[in-house]
Amino acid sequence: MLAASVGAMAQTGTPEKTLAPVVVKERAEAPEGKDSVRATETTIGKGKQQLRDIPQSVTVVTERLIDDRNLDTVKEALKNTAGITFLAAEGGEEDIRLRGFALQSTGDMFIDGMRDPAFYDRDTFNLDRVELLRGSASMLFGRGSTGGAVNQVSKAPRLIDSHQVDLTLGSHQYRRITGDFNILTGENAALRLNAMSTTADNNGSGSSIEKKGIAGTYAFGIGTRDEFSVSLYHLDNKNGMNYGMPWIRRSAGSPASDTTLLPLDPKAYYGAASDYNAGSASFATLGHIHRFDGDAELKTQLRVGRFERDQRAGAIRLAAAAQQPGGVAATLENFGPATRLTRGTHLKIQDMDTVHLQSDFSKKFEALGYKHELLAGADFSHEKKTVYGARTAAQGGVNITKPPTTVGTPNDGVGVDESLRVLRDTSNFEAKGFGIYAQDLIQIAPHWKLLAGLRYDNMDGRYNTFGIPADAPGPVTTTSYRQKISEWSKRAGVLYQPNDLQSYHFSYGTSFNTSGDTYSYSAQTVNTPPEASRNIEIGAKLDSADKRFTTRLAVFHSTKYRERNTDPDLNIAVLSGKRHAAGAEIDITGRLTSKWEIYGSYMWMPSAKIDIGAEGAEGQGTRPSLTPRHSGTVWTTYQITPELRVGGGLNFRSSQTPNRNPGWEVPGYVTADLMAEYAINERYTIKANLSNVTNKLYADSIYSGHYIPGAGRVFQVTASMKF
């Protein structure tokens with residue numbers, strides 16, 4: 001039919017309007033990225049690969065979904081994938097968990113396949129998509145990767161002239177402007193610039209926003225034998241911070257299991273006016289791709305980064321009974337405007353410098369009668385972190401106490417002078433590491449492929465702590481620790497692909513976590529070997545006949561062996577623990593019809609348990625913290641007219657326990673979002689978003705002593721201009 005149409009065009013000079021377009025629609029892959037919530041390719045497996053050729057679960061949050069739901073932080077993007085939860089840790093940082101296993105604290109965040117080790121409030125303004133690989137992945141990325149890995153894919157230059165500016169206004173004086181400019185500078189060269197500025201009095205859960213970012217990439221030789229790129233990125237945060245609100249019991253005689261959230265508007269802020277969470281991320285990346293004859297490619301990247309963090313905040317706690325009205329402890333029965341709250345002082349001041357060099361080689365070839373897809377590479381890292389603390393008055397500094405407040409006076413404007421603090425170095429960490437890996441995907445039969453991979457990692461970490469007397473500015477006592485680690489990681493898989501629409505897989509992978517994952521050691525951890533983990537998975541990726549809709553299914557069993565626990569009698573950290581998590585996942589993405597698009601991600605985790613416990617750990621036989629049985633999201637849009645598109649979705653998590661299993665469960669929640677978009681013409685579009693429609697009160701990030709509420713109802717309007 002297509003050939004006939006082309007022939008008719010050649011003879012008549014006019015296209016046949018009824019044949020060629022229909023054939024193209026039926027056979028072409030659906031659009032991706034900015035035009036679809038469905039993805040068919042990923043770069044999280046080192047190099048560009050078809051998702052159907054990866055024997056492991058991958059969820060992709062595309063730019064379309066990021067734009068549709070106004071997801072302006074990476075945290076919000078990750079909430080649109082199943083199995084993700086957040087720990088509100090002592091440092092106020094939200095530690096990301098997948099299947100109950102830590103991601104953020106073990107360094108499993110990446111940008112364009114390279115480790116992004118520092119903690120900062122990541123923004124989406126320069127992201128093309130966010131990729132989530134589930135299960136053990138140390139063979140690909142080195143240490144960490146027990147629950148999985150997150151890869152943030154940056155926007156790359158394209159060989160076109162295309163620009164877009166978005167202005168968003170919303171609740172709480174929210175103002176955000178972003179610009180995406182792609183400039184064609186030569187036959188195979190282009191410059192991509194992205195910029196962002198965001199401010200708000202409140203993010204809907206008690207934190208003000210003030211941040212700016214700029215990112216640029218210049219690439220030349222695009223698509224040729226030698227392709228080069230130079231990238232610069234800078235993000236500056238001067239945000240406020242809701243460190244966390246306390247849990248409360250229903251009555252004085254209530255057991256721990258009767259603990260719940262405070263009945264307060266989530267946007268109510270009780271921290272000091274002087275609290276803030278400032279920080280910056282700056283890095284430069286040089287990239288080179290050499291394309292050999294014979295379908296082979298060598299990709300090399302060098303990145304140098306500088307990360308700074310200055311957090312001055314504190315957890316909010318219910319004041320002691322003697323300070324409460326009537327001299328009795330605060331409970332829900334007597335909770336009211338006069339209930340007194342105290343403000344803590346928690347400083348997190350640190351700098352981090354990183355250097356990462358990575359080179360990956362890929363080649364397709366035939367040998368010994370089989371087709372091979374070889375992937376091999378090496379990476380090197382040098383990371384340095386310095387942590388600062390404040391001196392007390394007796395140590396040559398000052399003592400600053402934050403005044404208490406009451407429930408009836410949120411945003412009271414009271415603060416302290418943070419500039420008076422006198423800082424000193426409290427510790428530093430330096431680590432050098434390298435890894436070498438090789439993986440081969442072998443086509444052993446027309447419909448069968450085998451995957452085998454092996455990686456070796458070596459890390460040398462040094463940690464120094466600097467102590468001073470409690471009543472004097474000196475002398476400084478230095479305590480030093482050093483640990484060397486050498487570990488092997490394995491990956492194996494089987495793929496059965498009976499046709500272009502179906503791919504079934506079985507996979508096995510290992511991972512390891514070192515004592516230095518958190519950039520510190522102690523006498524208890526410095527001689528402790530790494531934890532070990534294993535992931536087993538069976539799954540499938542199924543495309544519809546028109547390849548516009550994809551379903552991903554998987555069942556998994558993840559186990560962590562030799563989990564680190566503290567033995568109080570020996571005063572050492574021992575690897576005595578064991579835990580597992582098992583369940584099923586499903587992702588659905590794409591178009592049910594030409595007008596109806598849907599994205600969904602769901603995880604059911606019925607089995608999760610601390611199999612072997614130890615002193616100082618979560619109790620043996622209990623369900624691990626931050627592992628809800630049900631979690632996920634669904635989002636759908638419908639094109640009512642050529643100009644008008646509407647959408648809606650849900651985010652949900654079932655009940656879960658805070659870390660250390662303090663004796664209660666945090667209630668589950670469901671939040672609903674709505675969207676309407678109107679295209680005035682090809683250049684101008686206006687979109688309205690209403691998030692958390694019912695103003696649901698829920699705990700978004702949890703800790704044993706406090707929680708950070710999820711954002712309440714937020715309304716935003718975005719105007720977009722393309723030119």
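Values below: all heavy atoms of this structure, side chains included; hydrogens, waters and symmetry mates excluded. One is the number of the first residue; the rest follow in order along the sequence.
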May I have the step-by-step check of side chain to side chain contact (heavy atoms under 4.5 Å, CB included) for Arg122 and Asp116, ending in yes or no?
-> CA-CA 10 Å; Arg122 297 171 173 90; Asp116 182 30; 2.7 Å; yes
Between [X] and [Y], which heavy-atom pair has the shortest distance, and what is it?
| X | Y | result |
| --- | --- | --- |
| Lys155 | Asp128 | CG-N, 3.8 Å |
| Ala190 | Asn182 | CB-ND2, 4.3 Å |
| Thr81 | Tyr599 | CG2-OH, 3.9 Å |

In plain terms, say whether [X] and [Y] are close enough for a salt bridge, that is, a side-chain N and a carboxylate O under 4.0 Å apart.
| X | Y | answer |
| --- | --- | --- |
| Glu531 | Lys560 | yes |
| Asp68 | Arg645 | yes |
| Lys299 | Glu297 | no |
| Glu682 | Lys722 | no |

Considering residues at least two apart in sequence or located in another chain, which fulfil the side chain to side chain donor-acceptor pair (under 3.5 Å) criterion with [X]?
| X | value |
| --- | --- |
| His234 | Ser282 |
| Gln164 | Asp166 |
| Thr685 | none |
| Ser544 | Asp546 |

Partner set under salt bridge (Lys or Arg N to Asp or Glu O under 4.0 Å) for Glu76, not counting sequence neighbours | Lys79
To the nearest 0.5 Å, tell me how far [X] [atom1] sits from [Y] [atom2].
| X | Y | atom1 | atom2 | answer |
| --- | --- | --- | --- | --- |
| Arg52 | Leu542 | CZ | CG | 10.0 Å |
| Leu441 | Leu451 | CG | CG | 5.5 Å |
| Arg38 | Arg64 | CZ | CZ | 14.0 Å |
| Asp543 | Asn499 | CG | CG | 9.5 Å |
| Asp108 | Leu132 | CG | CG | 10.5 Å |
| Arg303 | Arg115 | CZ | CZ | 12.0 Å |

Flag side-chain contact, heavy atom, 4.5 Å: [X] against [Y]:
| X | Y | value |
| --- | --- | --- |
| Glu373 | Leu375 | no |
| Pro117 | His356 | yes |
| Asp121 | Thr73 | no |
| Asp517 | Tyr519 | no |
| Ile111 | Ser154 | yes |
| Thr354 | Met352 | yes |
| Phe283 | Phe307 | yes |

Verify, without hydrogens or angle tests, whether [X] (side chain) and [Y] (backbone) share a donor-acceptor contact under 3.5 angstrom.
| X | Y | answer |
| --- | --- | --- |
| Tyr120 | Leu235 | no |
| Gln56 | Ser507 | no |
| Asn194 | Thr178 | no |
| Thr510 | Lys490 | yes |
| Ser359 | Thr300 | no |
| Asp587 | Arg552 | no |
| Ser533 | Phe512 | no |
| Gln49 | Ile54 | no |
| Thr124 | Leu71 | yes |

Non-neighbouring partners of [X] that pass side-chain contact (heavy atoms from CB on, under 4.5 Å), sequence neighbours left out:
| X | result |
| --- | --- |
| Asp500 | Lys547 |
| Asp67 | Lys34, Glu63 |
| Asp161 | Ile183, Leu184 |
| Ala284 | Leu232 |

Between Ser558 and Arg99, a side-chain donor and acceptor under 3.5 Å | yes
Does anything in residues 217-230 pair up under salt bridge (Lys or Arg N to Asp or Glu O under 4.0 Å), and if so which pairs, sequence neighbours excluded?
-> Arg225-Asp293, Glu227-Arg291
Assess Arg97 against Phe101: is NZ or CZ under 6.0 Å from the centre of the six-membered ring, and within 45 degrees of the ring's axis?
-> no
Test the Arg134-Phe556 pair against the cation-pi criterion, namely NZ or CZ under 6.0 angstrom from the six-membered ring centroid and within 45° of the ring axis.
-> no
Sort out for me which residue in Thr43, Val153, Thr285 forms a side chain to side chain contact (heavy atoms under 4.5 Å, CB included) with Asp112.
-> Val153
Full working for side chain to side chain contact (heavy atoms under 4.5 Å, CB included) between His382 and Glu430 | CA-CA 7 Å; His382 186 194; Glu430 181 175 5; 2.7 Å; yes
Please test Val355 against Phe380 for side chain to side chain contact (heavy atoms under 4.5 Å, CB included), starting from the C-alpha separation and ending with a verdict.
-> CA-CA 8 Å; Val355 178; Phe380 305 87; over 6 Å; no
Please indicate whether Lys363 has more than 12 foreign heavy atoms, meaning atoms of other residues, nucleotides or ligands, lying under 6.0 Å from its NZ.
-> yes
Please name all residues satisfying ring-ring contact (aromatic ring centres under 6.0 Å, His included) with Phe220, sequence neighbours left out, ordered by chain then number.
-> Tyr218, Phe228
Take His505 and Ser503, measure what side chain to side chain donor-acceptor pair (under 3.5 Å) needs, and give me the verdict at the end.
-> CA-CA 7 Å; His505 71 262; Ser503 181; 5.9 Å; no
Close aromatic pair by centroid cut-off 6.0 Å: His290 and Phe292 | yes
Does the pair Leu98 and Ile96 meet the rule for a side chain to side chain contact (heavy atoms under 4.5 Å, CB included), with working shown?
-> CA-CA 7 Å; Leu98 176 57; Ile96 304 164; 6.0 Å; no
Keeping to residues at least two apart or across chains, list the side chain to side chain donor-acceptor pair (under 3.5 Å) pairs with something in residues 436-455.
-> Asp53-Lys449, Asp360-Tyr437, His372-Asp440, Asp379-Arg455, Gln439-Arg491, Lys449-Gln497, Arg455-Asp457
